[in-house]
Amino acid sequence: MSEFRPGRFQVLPLVIKYLLIINVVVWLAQVALQSMYGFSLSDFLGLRYWGSEHFRPHQFITHLFLHDESNFLHVFSNMFALWMFGSTLENRWGPKRFLNFYLICGLGAAFCHEAVLTYENMQLTNLAQQFYDQPTLDNFRVIVSKYNLDQMQSYVEAWSQLPPDSDQMVWQARHFVSVFVEQYRNVPTVGASGAVFGVLLAFGYLYPNQYLFIIPIPFPIKVKYFIGGYILWELYVGFKNQAGDNVAHFAHLGGALFAYILLKIWRERSSPRSY
């Protein structure tokens with residue numbers, strides 16, 4: 001594949017510039033509204049599980065411009081990566097194609113995330129139903145253990161010291177499971193990471209042998225190895241599903257998947273045909 005040769009290369013091309021401005025302004029608005037009024041934009045504009053009563057179709061787009069208001073590194077890392085890798089792509093493709101690419105990757109990431117949320121919520125619903133049907137300590141312990149609910153360990157210990165059919169313990173456990181299922185299905189997802197991951201994949205696909213200098217790695221590394229390693233890491237941590245990990249890893253992978261599909265389609269269309 002041919003290497004990129006910039007003509008009138010723009011350090012801050014049009015779409016990248018406006019995406020940076022919009023994301024930063026929205027994040028500042030999130031911080032201000034949260035600190036001054038206790039109002040969270042994420043609750044309204046963040047992407048919800050489609051089975052949630054709070055789900056709205058516009059969230060597929062709006063969540064791409066929100067970030068965790070309590071974590072500056074979230075918005076900074078996404079915007080830095082968007083500028084660092086996306087500028088080259090926009091200079092190569094032009095603003096229209098780059099914007100389409102960015103939004104499609106973001107939507108693809110959201111659809112993949114929704115698929116994972118569907119599986120996870122169905123799994124939790126089945127475990128909850130098993131407990132409702134047979135409200136035993138063992139069935140309750142399965143939920144506590146699977147979802148790493150450390151705050152309920154003392155409750156499990158207390159229940160284990162009482163008769164297993166204790167009405168008070170069963171009622172409290174039912175109430176906790178009901179609340180947990182409701183909270184689990186209503187957590188909003190925010191961030192441009194899925195779309196940005198698509199940008200990373202595209203840069204690695206088009207310029208696989210470019211070198212990157214990444215702190216704290218003491219030597220330059222080719223883009224194809226960096227992106228490949230990043231994807232493998234996302235797969236690992238996504239399936240590991242570690243307690244306290246609130247990162248939507250399969251959204252990242254979904255953005256990369258849709259990026260790859262788009263690049264293959266565009267390459268097919270631009271390839272000369274022989275007869």
Side-chain angles (χ1 to χ4, degrees), residues 11-13 15-48 59 61-90 102-103 105-106 109-110 112-113 116-117 148 187-204 212-218 220-221 223 225-256 259:
V11 175
L12 193 62
V15 172
I16 295 292
K17 177 173 70 176
Y18 283 114
L19 285 175
L20 294 179
I21 292 172
I22 292 170
N23 278 273
V24 172
V25 168
V26 170
W27 183 78
L28 291 174
Q30 288 181 261
V31 173
L33 289 171
Q34 183 67 49
S35 62
M36 296 171 62
Y37 305 106
F39 176 78
S40 176
L41 277 176
S42 299
D43 288 341
F44 179 65
L45 300 177
L47 179 63
R48 306 277 188 153
Q59 295 165 358
I61 292 294
T62 55
H63 86 282
L64 292 171
F65 302 97
L66 299 171
H67 290 82
D68 183 355
E69 57 262 29
S70 64
N71 185 2
F72 173 71
L73 185 60
H74 187 207
V75 64
F76 174 79
S77 59
N78 274 342
M79 294 304 98
F80 180 77
L82 175 61
W83 167 76
M84 183 176 180
F85 299 103
S87 296
T88 300
L89 298 180
E90 186 177 345
Y102 181 84
L103 293 176
C105 288
C112 290
H113 184 57
V116 172
L117 287 179
N148 299 290
V187 175
T189 300
V190 297
S193 301
V196 172
F197 212 94
V199 170
L200 291 177
L201 188 285
F203 188 90
L212 296 175
F213 293 88
I214 302 172
I215 298 173
I217 301 176
I221 182 172
V223 172
Y225 298 132
F226 171 71
I227 300 298
Y230 202 167
I231 289 174
L232 291 176
W233 172 252
E234 289 288 340
L235 278 170
Y236 169 73
V237 293
F239 281 109
K240 186 178 180 181
N241 197 19
Q242 188 173 358
D245 185 358
N246 62 347
V247 177
H249 298 288
F250 287 101
H252 297 177
L253 294 169

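Excluded from the calculations below are hydrogen atoms, water molecules and symmetry mates; all remaining heavy atoms, backbone and side chain alike, are included.
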- Would you find more than 12 non-hydrogen atoms of other residues, nucleotides or ligands less than 6.0 Å from F39 atom CZ?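 Result for CZ/F39: enclosed.
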
- Take atom CZ in F226; do more than 12 heavy atoms of anything else shown fall under 6.0 Å from it?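 Yes, the 6.0 Å shell around CZ holds more than 12 heavy atoms from other groups.
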
If you measure from [atom1] on [X] to [atom2] on [Y], what distance do you get to the nearest 0.5 Å?
{"X": "H249", "Y": "C112", "atom1": "NE2", "atom2": "SG", "result": "15.0 Å"}
{"X": "L20", "Y": "F80", "atom1": "CG", "atom2": "CZ", "result": "11.0 Å"}
{"X": "F72", "Y": "L28", "atom1": "CZ", "atom2": "CG", "result": "9.0 Å"}
{"X": "I227", "Y": "L232", "atom1": "CD1", "atom2": "CG", "result": "11.5 Å"}
{"X": "L64", "Y": "T189", "atom1": "CG", "atom2": "OG1", "result": "11.5 Å"}
{"X": "L253", "Y": "H113", "atom1": "CG", "atom2": "NE2", "result": "12.5 Å"}

- Worked verdict on F197 versus I231 for side-chain contact (heavy atoms from CB on, under 4.5 Å): CA-CA 9 Å; F197 212 94; I231 289 174; 3.8 Å; yes

Looking at every heavy atom in both [X] and [Y], which two are closest together, and how far apart are they?
{"X": "M79", "Y": "A192", "result": "CE-CB, 4.3 Å"}
{"X": "A109", "Y": "A251", "result": "CB-O, 3.0 Å"}
{"X": "D68", "Y": "S70", "result": "OD1-OG, 2.8 Å"}
{"X": "G198", "Y": "C105", "result": "CA-SG, 4.0 Å"}
{"X": "A110", "Y": "L47", "result": "CB-CD2, 3.7 Å"}
{"X": "Q34", "Y": "S40", "result": "OE1-CB, 3.4 Å"}

For the residue pair [X] and [Y], establish whether any side-chain heavy-atom pair is separated by less than 4.5 Å.
{"X": "L19", "Y": "Y102", "result": "yes"}
{"X": "V247", "Y": "V237", "result": "no"}
{"X": "H63", "Y": "P188", "result": "no"}

- Task: I would like to know whether V26 and L45 meet side-chain contact (heavy atoms from CB on, under 4.5 Å); could you show each step before the answer?
- Result: CA-CA 11 Å; V26 170; L45 300 177; over 6 Å; no

- Message: side-chain contact (heavy atoms from CB on, under 4.5 Å), that's the test. Do D43 and R48 meet it? Break it down for me.
- Response: CA-CA 9 Å; D43 288 341; R48 306 277 188 153; 3.6 Å; yes

- Query: Between W233 and Y236, is the ring centre distance below 6.0 Å?
  - Reply: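 Yes, they do, as the ring centres are separated by less than 6.0 Å.
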
For [Y], is there any backbone N or O sitting under 3.5 Å from a side-chain donor or acceptor partner on [X]?
{"X": "S87", "Y": "M84", "value": "no"}
{"X": "W83", "Y": "K17", "value": "no"}
{"X": "W27", "Y": "F65", "value": "no"}
{"X": "Q30", "Y": "L66", "value": "no"}
{"X": "E234", "Y": "H252", "value": "no"}
{"X": "E90", "Y": "I16", "value": "yes"}

- Query: For the residue pair F239 and F250, does the interplanar ring angle fall in the parallel (under 30°), tilted (30 to 60°) or perpendicular (over 60°) class?
  - Reply: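 Rings of F239 and F250: perpendicular, over 60°.
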
- Message: Apply side-chain contact (heavy atoms from CB on, under 4.5 Å) to residues V190 and L41 and explain how you reach the verdict.
- Response: CA-CA 10 Å; V190 297; L41 277 176; over 6 Å; no

